Amino acid sequence: MNTPTILLVIGLCFILFAAPRRFFLFPFIMAACFVPMNQRFILLDLDFTVIRMLVLAGLLRLLIRGEVRVIQWNNFDKLVLSWVVVGSLVYAFQQMAVKAVIYKAGVMFDSLGMYWLFRQVIHDWEDVFHAMKIFAIFAIITAPLIALEKFQDSSFFSLFGPVTGKFHRERFRAAGPFPHYIIMGCFWASLLPFFYARIKTKKNVVLYWLAIIAAVSNVYFSASSTPLLTIVAIVIFWKLYTIRMHGKNIFLGACLGILTLHLIMKAPVWHLLSRVGFFGGSTGWHRYFLFDNFVKHFSEWFLLGTKSTAHWGYGQTDLTNQFVLEGVRGGVVT
């Protein structure tokens, strides 16, 4: 961890302890938008990433200031807890190594710690609206920095650590501080519905229109098909919102359509993934090939996952599908 990152983390931890509750999420959002995930402090083989240190600071703040409240559990809370715990246990049994247990303990601390913190500090819609305003501000701030990364040889975010933007198949793909350019694009694309929703309430309209322009700019400079498909999905579901009362019928109809395509196509229906690509060098065919192997090797991973997918074929260690990754690491239950 370099000096600028250490100073920034100290400042963010101070904000966590000193700021009012409505600013509690500010350090987490700033860290996500500015600090590369590869920045970490290692103590006795334990990795302390920036986010992990902020989670620890947030837990201490709530305990010391007596701000812990009783949470009424809902079904989504139970799903998140089950997903994290089951995935961790299955992975530990799969690897049968102390390092695997330590690794998954860290993942559980990150996932459940952050989830619990956010459940503690987000009390009502006003808290959500305040978080969206922070996201909007950082979208506007980061957009020109990511644009500069596209047109210059250096990145502002390298001040806090190595960045991952690179030329891929003759196109530069900016990643900002994110682990991958696809993740960067999807991060900002996923915020577009929130920004547009705030515009519809006629609150800070100029701010949120600028945030939408900035987020779309970040998606464009990621030069990746997945974030663009995310925007396409957002538009489709936005149009479907007016007939949401027919959601079950629409879902069943879509499933029936997919099944029909699977029966009449010469290739399996997931072969359609290979046709997807908005930018030169998109990996649609790789995604199809990966999922096809995932189905063919079901017996290998369904119980406890599998330690390696290298024997599935060329490039099959690059698990670019989250559902495939969950199955490989934690079996069908995960």
Side-chain angles (χ1 to χ4, degrees), residues 1-69 102-123 127-146 148-149 154-165 174-180 183-184 187-188 191 211 214 218:
M1 184 176 291
N2 61 26
T3 301
T5 303
I6 292 173
L7 295 176
L8 180 61
V9 170
I10 292 173
L12 293 179
C13 288
F14 175 79
I15 293 174
L16 265 178
F17 276 100
R21 181 180 60 83
R22 62 178 182 150
F23 290 103
F24 188 92
L25 299 184
F26 176 88
F28 293 94
I29 297 173
M30 185 172 183
C33 294
F34 279 93
V35 183
M37 290 294 292
N38 50 32
Q39 287 295 287
R40 62 194 63 222
F41 175 73
I42 300 177
L43 177 65
L44 300 176
D45 288 336
L46 299 177
D47 283 358
F48 290 89
T49 62
V50 173
I51 292 295
R52 191 168 295 175
M53 286 186 280
L54 290 178
V55 169
L56 181 59
L59 291 172
L60 290 174
R61 178 242 167 89
L62 293 184
L63 293 173
I64 292 173
R65 297 180 60 165
E67 295 176 338
V68 178
R69 66 190 181 103
I102 295 174
Y103 165 69
K104 276 301 182 178
V107 171
M108 290 181 65
F109 179 81
D110 292 344
S111 304
L112 297 181
M114 189 175 298
Y115 185 83
W116 185 80
L117 279 179
F118 286 19
R119 287 284 276 119
Q120 285 288 331
V121 301
I122 298 178
H123 295 180
D127 292 328
V128 177
F129 298 153
H130 189 72
M132 287 306 107
K133 184 180 290 186
I134 298 173
F135 275 119
I137 292 170
F138 279 117
I140 296 168
I141 293 173
T142 57
L145 300 176
I146 290 173
L148 285 174
E149 182 181 346
S154 60
S155 170
F156 167 83
F157 303 102
S158 61
L159 174 67
F160 301 106
V163 295
T164 55
F178 292 86
H180 199 278
I183 295 176
M184 190 275 286
F187 177 88
W188 292 112
L191 288 167
N218 290 344

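Everything numeric in this text was worked out from a predicted model, so none of it was measured.
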Under 3.5 Å, is there a donor-acceptor pair between the side chain of Gln120 and the main chain of Leu62?
no
To the nearest 0.5 angstrom, please state how far the [atom1] atom of [X] sits from the [atom2] atom of [Y].
X	Y	atom1	atom2	result
Met132	Ile137	CE	CD1	12.0 Å
Phe129	Ile134	CZ	CD1	14.0 Å
Phe138	Thr142	CZ	OG1	9.0 Å
Arg119	Leu112	CZ	CG	13.0 Å
Leu8	Met30	CG	CE	5.0 Å
Leu54	Leu12	CG	CG	5.5 Å

Quick one: are the ring centres of Phe135 and Phe26 less than 6.0 Å apart?
no
Please set out all donor-acceptor pairs under 3.5 angstrom arising from side-chain atoms of residues 14-24, sequence neighbours excluded.
| unit_1 | atom_1 | unit_2 | atom_2 | d |
| --- | --- | --- | --- | --- |
| Arg21 | NH1 | Val121 | O | 2.7 |
| Arg21 | NH1 | Asp127 | OD1 | 3.4 |
| Arg21 | NH1 | Asp127 | OD2 | 3.0 |

So, do [X] and [Y] sit near enough that their side-chain heavy atoms are less than 4.5 Å apart?
X	Y	value
Trp188	Cys33	yes
Phe34	Thr5	no
Leu117	Phe28	yes

Distance-minimising heavy-atom pair for Ala139 and Ala214:
O-CB, 3.3 Å
Suppose we screen for side-chain contact (heavy atoms from CB on, under 4.5 Å). Which residues come up paired with Phe109, at least two apart in sequence or across chains?
Arg52, Val55, Leu56, Leu59
